[in-house]
Amino acid sequence: MATDQVTAAFAKSLGLPESDITEHLAYGSIKEWDSTAHMVLIAELEDVFDVMLDTDDIIDMSSVAKAREILRKYDIKC
Amino acid sequence: MDLNLTDKHVLITGASRGIGRAMAERFAAAGATLYLNGRRADELAELCSQLHDDYGVSAHACVFDVSDADSVKQGFQALFKLTKRLDVLINNAGVLDDALIGMVSPQQVEQTFATNTFGVIYCCQYAARLMQRNGGGSIVNVSSIIGRVGNVGQAVYGGSKAAVIGVTQSLAKELAAQNIRVNAIAPGFIDTDMTRKLPEEKYQARLQSIGMGRIGEPKDIANAALFLASDLSSYVTGQVLGVDGGMLI
């Protein structure tokens, strides 16, 4: 399921258990989600969903919920 | 560890002619898989076909305008669909439009910086993302001797190329931890369409200023780019390599 793929991508990239990945989890709110981890996360999402994200979308991806909103722009169901 | 690039995926901007074309041929001879950028699909298709026939390498045309951020984005998105991998980026595309400072139009300033500087930044931005996921890479930015020492009538061009050096040195520091090396080449007076258009008097004056007594060939720049792209320079980053035959300005 795509929804699980998003959660899994966040968990893998940030080195957290999937249970810690909530919709409100925000960039910079935890030490695991810093700018370096953000680029690792972007690469993971791009690999999982086979899409290269716009730079503006990378900058805008401020939470898990926002990530889903952005991915939907690329016709990804999540 | 040598100059063999058979396992490397290489993107060269401004590859249709001049220095870019010489680079494409040199890298093809080294066995690289090539992604050749330009704005004219027909020129690139012909070059890709020629390189495939002559060297047996895989060469793909990447038609986009480096001076346009949206166009660069679309170009890299297409590259992502094609390969998802990039080991080497050569930022070669550039324009030269000389004028004394009182005669420079805003359009000249914008177009020169858009191609020579902003294009380098846009391409580095996307290329670094591709390189990062494969454990590193090498970016080679083509600056100019004019960007290092300046010249009469070249304030805008020189400024745009000096900025490329600043971008190179900053990115070298930023991307070192990801094993992405970033270096620049500063060519001197090179035999291209651009330099052949110079008035004879200017051409000769520039020739006289070269210690080695000859104009540079595009292949001289291509060889330097090959070194910086290859594993022979695996511990070299943040450097500006002058390839100018001892030219003095």
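Chain naming here is simple, since letters A, B, ... match the order of the sequence lines and numbering starts at 1 in each. Given the structure is predicted, the values throughout are model-derived calculations rather than measurements.
- When heavy atoms are compared at a cutoff of 4.5 Å, A/L53 approaches chain B by way of both its backbone and its side chain.
- Of the possible polar contacts, none joining the B/R129 side chain to the A/I42 backbone as a donor-acceptor pair under 3.5 Å is found.
- A 6.0 Å sphere centred on NZ of A/K73 holds more than 12 heavy atoms belonging to other residues, nucleotides or ligands.
- By a heavy-atom distance cut of under 4.5 Å, B/K73, B/F76, B/Q77, B/F80, B/K81, B/K84 are the residues of residues 56-91 of chain B near chain A, going up by number.
- Under a cut-off of 6.0 angstrom, the local environment of NE2 in A/H38 is crowded, with over 12 non-hydrogen atoms contributed by other residues, nucleotides or ligands.
- Identified by a heavy-atom distance below 4.5 Å to chain B, contributing residues of residues 29-37 of chain A are lacking entirely.
- Chain A is approached within less than 4.5 Å, heavy atom to heavy atom, by no residue from residues 7-15 of chain B.
- In this structure, A/D75 places its CG atom where only 12 or fewer heavy-atom neighbours from other residues, nucleotides or ligands lie under 6.0 Å away.
- Salt-bridge formation is not detected for the pair A/E44/B/R133: no Lys NZ or Arg NE/NH1/NH2 atom is positioned less than 4.0 Å from an Asp or Glu carboxylate oxygen.
- Among residues 18-38 of chain B, no residue has any heavy atom closer than 4.5 Å to a heavy atom of chain A.
- Under 3.5 Å, the side chains of A/T55 and B/Y122 contain no donor-acceptor pair of N or O atoms.
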